[in-house]
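Note sheet for the following structure.
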Amino acid sequence: MTRRRRLVVAAVGLLAAAVAPAAAHGAGLSGAADRSLSVPTWLFLTTGGGVIGASFLLASFVTDRSFIRRVHGWRRGGLRPARAAHWLGRAVGLGGLAAVLVAGLVGPREATRNAAVLTVWVGWWSGYTMTTYLVGNSWPAVDPWRTLAAPLPSLDVDYPDRLDAWPSVAALLGLVWLEVVSPVADRPRFLAGVVAAYGVVTLAGAVVFGADVWFRRVDPVARLFRYFGRMAPLHYDDGIRLRLPGVGLDEPRLVTSRAEVAFVVAVLWVTTFDGLVATPLWRDAAVTVVEAGVPPGLLYPAALVAGYAAVCGVYALAVRYSKRAARTYLPADVLARRFAPPLLAIAAGYHLAHFLGYFLELAPALATAAIAPLSPPEPVALVLPGWFGGIELAGVLLGHLLAIWVAHAAAYDVFPGKLQAVRSQYGITVAMVCYTMASLWIVSQPYAVPPYVT
Amino acid sequence: MSGGRASAGDTAAPTGERAAPPPKPPEEPAVCGHCGDRFADDRLLALHRGRAHREALTDAEVEAYREARTEERDDVRLFRVKALGLLLLIYFGFIYVYAFVL
Ligand SMILES: [Zn+2]
């Protein structure tokens, strides 16, 4: 280790040590009253923003191109999964799907005892999704719809290229809207219906366009897990290989069109939207707007789309500023594609903050319901200790730090000048600082039931 | 090593991809004689040539690359001093604010 690098490492440690006690103080998260007494919210948020800004400055100290290349090129392994693993993946996927459909239709009606609700929300959307960015994307092997689509005939209709990834953007926004406004997490029968409907659309699409095209270009869940899998340490490249977390996000071939950039931004936005609608601020705003005469049914889709447009606009602005600051002849679109994947790390960090506690609290209930899906015992919930909020907070910050680093590495890959690369990140870093503060604010808010939903 | 970063040349997009001038462009862009990429000044061009076309450089281009690297090193050093100053400012700023508030 050179002296310079040791300095960087020491500085990171120092900053973390300085900020950690303060952050831990401020991390009562789920409405702990002691935060408001010790660290005021504005200071808590500014500290989060400051950590992001400081880590950008620290990353800018790493100017050794070959060091960055070595870090990002480091790979180990090359294990070929056994045939049995494929079958196991398929069996787990199909078994899970069957359990969701059966328990959803004939299981108990209380959500906290129903195996379908617990499997989908706790097992799959919380727990499994975490494995896609923390471990590796195993979804292509598990996805039951892909398994079911494989033996079906295909009409092989040409997928219209101009549609690109836009259907998956629309589908992702649509699914999140459904998740927020419908009883999909409370009513097992309804959930089973949604899962079945999703399956019918998926299988029909796979038959029309071919399974490969459908799952590569249209299916939003497959795309989401594929993107999350890019930041995971395990990946498939002629065998299962190990790399450092996040380094897969700076590969140029990950995001190759404007629609795919839009998908990445949508992933970021929906994780935020999900939290935003459960804040007291949203509750008050929604009530005001509806009392002013806006139909409640329009409220959520309008806010979802308007917020999405705003986040897209901020990103476009940051990229334009990046082009100006780097004085590059590269079109803004090229930069937008290159700097979009790091945002996935932020989205993953936010997902972790949002769902890790939820997953751990309800995992025992999932286990008991899975053992006896049709007549489960009374649900048991794990009670998490108070310091757990600090871990959730760390998820948000770690996601941002990873994003800063990956964007730094991508900029070094794109631009010939070192300071040019650093300057290209100013606008994006400012956007990230604002986003961190917004995310931390949402995470720090007490939970409020979203109004006007069933 | 991942496919994308095997060499710096990979990211040098084909001609035309780099044809969008930045705001307030220079009067004459510096154009790479090897691949046609455009740059805002000669130093960026020299750095680009050194990274992307290392094997094909003329003696003059090698010399220009060396010079550009030296200049860049000095600039990076200055930047580090500023960044360190800013870091200390943030660090002590927060310590001060925390001491004041708590
Ligand atoms: Zn060139």
Side-chain angles (χ1 to χ4, degrees), chain A residues 4 7 11 14-15 18-19 21-22 25 38-40 42-43 46-47 50-51 53-54 56-58 60-61 63 65 68-70 72-75 237 243 247-248 250-254 320 323-334 338 409-410 413-420 422-423, chain B residues 1-8 10-13 16-26 29-32 37-41 43-52 68-69 72-73 75-80 82-87 89-95 97-98 100-102:
Chain A
R4 192 182 68 234
L7 181 79
L14 203 69
L15 190 83
V19 172
H25 254 295
S38 51
V39 180
W42 64 266
L43 184 53
T46 324
T47 307
V51 171
F56 166 73
L57 290 172
L58 285 172
S60 73
F61 276 84
T63 54
R65 286 182 190 277
I68 298 174
R69 257 203 310 276
R70 271 205 312 282
H72 280 246
W74 185 89
R75 297 286 185 279
D237 178 18
R243 63 186 167 198
V247 301
D250 88 322
E251 285 173 22
R253 65 199 159 100
L254 177 53
R320 275 237 305 278
K323 179 172 162 64
R324 173 198 297 265
R327 301 186 75 214
T328 177
Y329 279 74
L330 278 173
D333 266 4
V334 172
R338 207 51 208 272
D413 204 34
V414 170
F415 297 114
K418 291 177 175 177
L419 287 183
Q420 183 191 26
V422 171
R423 284 194 199 106
Chain B
M1 180 160 286
S2 66
R5 39 177 65 244
S7 79
D10 284 357
T11 52
E17 273 271 86
R18 283 191 192 243
K24 293 191 222 131
V31 182
C32 175
D37 278 358
R38 289 148 184 254
F39 298 90
D41 58 45
R43 198 166 107 194
L44 289 176
L45 170 60
L47 289 170
H48 156 76
R49 277 192 309 234
R51 287 181 66 216
R69 298 248 331 223
E72 182 177 62
R73 197 150 42 226
D75 283 0
V76 165
R77 211 164 278 158
L78 183 66
F79 174 82
R80 284 214 180 114
K82 288 186 196 161
L84 189 64
L86 200 54
L87 268 175
L89 195 72
I90 294 175
Y91 181 68
F92 286 108
F94 271 111
I95 286 189
V97 172
Y98 270 93
F100 195 73
V101 169
L102 296 183

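When reading the values below, keep in mind they use all heavy atoms of this one structure, side chains included, and skip hydrogens, waters and symmetry mates. So that the names make sense, note that chain A is the first sequence line, chain B the second, and so on, each numbered from 1.
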For the residue pair B/P29 and A/Y329, what are the closest heavy atoms and their distance?
CB-OH, 3.2 Å

Examine whether an atom of B/V101 lies under 4.5 Å from a heavy atom of chain A, and if so say whether it belongs to the side chain, the backbone or both; otherwise answer neither.
side chain

Taking the side chain as everything from C-beta on, heavy atoms only, tell me whether B/R80 gets closer than 4.5 Å to A/T63.
yes

Highest number of heavy-atom pairs under 4.5 Å with chain A among B/R49, B/E72, B/K82 belongs to B/E72

Between A/T47 and B/Y98, is the side chain to side chain contact (heavy atoms under 4.5 Å, CB included) condition met? List the steps.
CA-CA 10 Å; A/T47 307; B/Y98 270 93; 2.6 Å; yes

Please report the shortest heavy-atom distance between A/R324 and B/K24, naming the atom on each side.
NH1-NZ, 4.3 Å

When the 4.5 angstrom heavy-atom criterion is applied to A/V422 and chain B, the contacting part is side chain

Taking atom CD of A/Q420 and atom CG of B/D75, what is their separation to the nearest 0.5 Å?
12.5 Å

In short, B/L84 meets A/F61 closest at the heavy-atom pair N-CZ, 3.8 Å

Heavy atoms of A/G50 and B/F94 approach each other most closely as CA-CE1, 3.9 Å

B/V97 vs A/T46 side-chain heavy atoms within contact, under 4.5 Å
no

On a heavy-atom basis, the closest approach of B/A20 and A/P331 is CB-CA, 3.8 Å

Got a donor-acceptor contact below 3.5 angstrom from the B/R51 side chain to the A/F415 backbone?
yes

Would you find a donor on one side and an acceptor on the other, under 3.5 Å apart, between the side chain of A/R327 and the backbone of B/P22?
no

